[in-house]
Amino acid sequence: MNPNFDMTGIVVFNGLEPDTHCLYQMGWFYSDRELNEVEEIRDLDWGGITTHDFISASVNDAAPRSFVFGSCRYLLRLFGGSWFDNRGDKTFRSILRQIAAGQRTDMLLMMGDQIYADDLNFVYPDKSLDEYNERYQEAFSQKYIRQLMNQTSTYMTLDDHEIEDNWPTKATRRDWMTKYPALGDRGL
């Protein structure tokens with residue numbers, strides 16, 4: 001995992017049997033050394049690491065699929081502070097309760113505006129990558145969204161508020177370089 005990507009990463013599992021209940025554990029440690037030089041790997045205690053589960057995808061095109069989708073998770077955070085509560089996270093708690101009661105959920109589709117980097121459209125908007133990352137960390141560290149994403153395939157897309165209201169309508173050349181640097185110089 002790389003600090004440039006806020007210590008996130010992607011793992012691809014190949015060779016899974018379809019429609020199979022799978023268990024997994026995930027842990028990490030930090031080292032500047034090469035993997036074959038790290039002694040801590042041999043000493044890791046996996047007994048304290050939570051086990052999560054998921055069901056692998058079906059190859060049957062006619063099999064029923066169940067998914068949950070939503071958008072617009074507004075967590076107010078003004079002037080560098082964090083004044084949101086967990087009301088939005090209760091939605092994810094209700095989904096988890098349905099799953100625990102036997103309702104199969106194959107995927108979670110998050111259709112944009114996972115964060116509002118532009119609280120109140122103009123008051124103290126996020127301007128740096130660190131500020132954006134901090135807001136995502138707050139949003140996705142809530143208890144129930146974490147539990148749901150740990151056991152359900154999750155797909156996301158961004159929408160305008162992840163950058164600013166009605167992005168990129170009012171974007172300047174500087175905005176492309178500072179608010180959304182992944183796009184780089186687009187010749188604007």
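The first residue of the sequence shown is numbered 1, and numbering continues consecutively from there.
Partners of Gln151 under the side-chain hydrogen bond (donor to acceptor under 3.5 Å, both in side chains) rule, at least two apart in sequence or in another chain, do not exist in this structure. By the side-chain contact (heavy atoms from CB on, under 4.5 Å) test, Gln147 is found to be paired with Leu96, Lys143, Tyr144, residues two or more places apart in sequence or in another chain being considered. Residues passing the ring pair (Phe, Tyr, Trp, His ring centres under 6.0 Å) test with Tyr116, sequence neighbours excluded: Tyr74, His161. Contacts of Ala63 classified as side-chain contact (heavy atoms from CB on, under 4.5 Å), with partners at least two apart in sequence or in another chain: Ser58, Asn60, Arg65. For the side-chain contact (heavy atoms from CB on, under 4.5 Å) test, residues two or more places apart in sequence or in another chain that qualify with Thr51 are Leu23, Gln25. With sequence neighbours left out, the side-chain contact (heavy atoms from CB on, under 4.5 Å) criterion links Pro18 to Val59.
Evaluation of the salt bridge (Lys or Arg N to Asp or Glu O under 4.0 Å) test over residues 146-155, restricted to residues two or more places apart or in two chains, returns none. For residues 91-106, the pairs satisfying salt bridge (Lys or Arg N to Asp or Glu O under 4.0 Å) are Asp19-Arg104, Arg104-Asp106, with sequence neighbours left out. Listed by first and then second residue, the salt bridge (Lys or Arg N to Asp or Glu O under 4.0 Å) pairs involving residues 47-64 amount to none (not counting sequence neighbours).
The backbone N or O of Met149 sits nowhere less than 3.5 Å from a side-chain atom of Thr152 that would complete a donor-acceptor pair. A donor-acceptor pair under 3.5 Å is absent between the side-chain atoms of Gln98 and the main chain of Ile95, judged by distance alone.
Note that OG1 of Thr154 and CG of Leu148 are 6.0 Å apart. Values are rounded to the nearest 0.5 Å.
Contact check for Glu162 versus Tyr136: side-chain heavy atoms found under the 4.5 Å cut-off.
The hydrophobic cluster around Met111 extends to Phe67, Phe69, Met107, Leu109, Tyr155, counting ILVMFWY residues whose side-chain heavy atoms fall within less than 4.5 Å of a member.
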